[in-house]
Participant: 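The structure is given below, and queries will be raised subsequently.
Please read all numbers here as calculations on a predicted model, not as lab measurements.
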Amino acid sequence: GANPRILEYFKATSLATNTLAQSDETPWCSAFVNFIMQQTNMPRTESAMAKSWMKWGQQATPTYGAVTVFWRGTPTSASGHVAFYVGEEGSGIWVLGGNQNNSVSFAKYPRMRLLGYRMLL
């Protein structure tokens, strides 16, 4: 069955009543970020799409905890990944996010895939 914690993350998105939110196979990185924002009473996108975070807040410099958005596939595709900025190492950016190796974890993504950092300023 689906992981109940991941299904809980989807409740913080507009997919809450959609059948896609009944499976932990649906990409859930944005659901995790929305859930964290909801738990901390912060504004959120409520979208399950990672790239929706590029319209949230304002463009920011890389700061610990900044919402960090990457492209996936190609820079112009609808697919992406979103997580919280932790730091940098070489040509990579470390983030804390959901749906990273099927878990909430720290992971390093190539800087070349970065779309932007976002914060409420």
Participant: Indicate, with yes or no, if Ile36 and Met49 share a hydrophobic cluster defined by side-chain heavy-atom contacts under 4.5 Å among Ile, Leu, Val, Met, Phe, Trp and Tyr.
Facilitator: no
Participant: Using every non-hydrogen atom in the two residues, find where Ala12 and Gln38 come nearest and quote the distance to one decimal.
Facilitator: CB-OE1, 3.5 Å
Participant: Do you know the tightest heavy-atom contact between Asn102 and Asn99?
Facilitator: OD1-OD1, 4.1 Å
Participant: Could you check Phe10 against Thr26 for side chain to side chain contact (heavy atoms under 4.5 Å, CB included), going step by step and ending with a plain yes or no?
Facilitator: CA-CA 10 Å; Phe10 279 117; Thr26 300; 3.8 Å; yes
Participant: Could you give the distance from OG (Ser23) to CG (Asn18), rounded to the nearest 0.5 Å?
Facilitator: 11.0 Å
Participant: Quick one, Met112 with Trp71, criterion side chain to side chain contact (heavy atoms under 4.5 Å, CB included). Give me CA distance, side-chain angles, the key distance, then yes/no.
Facilitator: CA-CA 9 Å; Met112 66 173 274; Trp71 57 267; 4.2 Å; yes
Participant: Looking only at heavy atoms, which two atoms of Ala50 and Gly80 are closest? And how far apart?
Facilitator: CB-C, 3.5 Å
Participant: Please check if the side chain of Asn34 supplies one atom and the backbone of Ala48 the other of a donor-acceptor pair under 3.5 Å.
Facilitator: no
Participant: Once you round to the nearest 0.5 Å, how far does CD of Glu88 lie from CH2 of Trp94?
Facilitator: 12.5 Å
Participant: Backbone N or O of Ala66 within a donor-acceptor pair of the Thr63 side chain at under 3.5 Å?
Facilitator: no
Participant: Run the side chain to side chain contact (heavy atoms under 4.5 Å, CB included) test on Phe84 and Val67 for me, step by step, so that the C-alpha distance in whole Å, both residues' side-chain angles and the decisive distance to 0.1 Å come before the verdict.
Facilitator: CA-CA 5 Å; Phe84 297 102; Val67 171; 4.1 Å; yes
Participant: To the nearest 0.5 Å, what is the distance between CD (Gln58) and CE (Met119)?
Facilitator: 10.5 Å
Participant: Rounded to the nearest 0.5 Å, what separation is found between the NZ atom of Lys108 and the CD atom of Gln100?
Facilitator: 13.5 Å
Participant: Measure from the side-chain N and O atoms of Thr45 to the backbone N and O of Trp53, and report whether any donor-acceptor pair falls under 3.5 Å.
Facilitator: no
Participant: Under the side chain to side chain contact (heavy atoms under 4.5 Å, CB included) test against Val69, which residue among Leu115, Val33, Val95, Leu114 passes?
Facilitator: Leu115
Participant: State, to 0.1 Å, how close Ser30 and Ser47 come at their nearest heavy-atom pair, and which atoms those are.
Facilitator: OG-O, 2.7 Å
Participant: Any chance you could measure Phe106, atom CZ, to Leu96, atom CG, to the nearest 0.5 Å?
Facilitator: 5.0 Å
Participant: So which atom in Leu15 and which in Ala21 form the shortest heavy-atom distance, rounded to 0.1 Å?
Facilitator: O-CB, 3.0 Å
Participant: Applying side chain to side chain contact (heavy atoms under 4.5 Å, CB included) between Arg72 and each of Lys51, Arg113, His81, report the one that passes.
Facilitator: Arg113
Participant: Test of understanding: clusters of I, L, V, M, F, W, Y form through side-chain heavy atoms closer than 4.5 Å, transitively. Do Tyr109 and Tyr64 belong to the same one?
Facilitator: no
Participant: Taking the side chain as every heavy atom from C-beta outward, state whether Trp28 and Arg5 have any pair of such atoms under 4.5 Å apart.
Facilitator: no
Participant: Take a 6.0 Å sphere around CG of Asn3 and say whether it holds more than 12 heavy atoms from other residues, nucleotides or ligands.
Facilitator: yes
Participant: Donor-acceptor pair, distance only, cut-off 3.5 Å: does the side chain of Arg44 make one with the backbone of Trp56?
Facilitator: no
Participant: Salt bridge between Glu8 and Lys11, side-chain N to carboxylate O under 4.0 Å?
Facilitator: no
Participant: Which value, rounded to the nearest 0.5 Å, describes the distance between Phe32 atom CZ and Thr13 atom OG1?
Facilitator: 14.0 Å
Participant: To check you understand the geometry: which heavy-atom pair defines the closest contact between Leu120 and Met42, and what is its length?
Facilitator: CD1-CE, 3.5 Å
Participant: When hydrophobic residues are tied together by side-chain contacts of less than 4.5 Å, even through go-betweens, does Tyr85 share a cluster with Val104?
Facilitator: no
Participant: Between Phe35 and Val82, is there a shared hydrophobic cluster once you connect ILVMFWY residues whose side-chain heavy atoms come closer than 4.5 Å?
Facilitator: yes
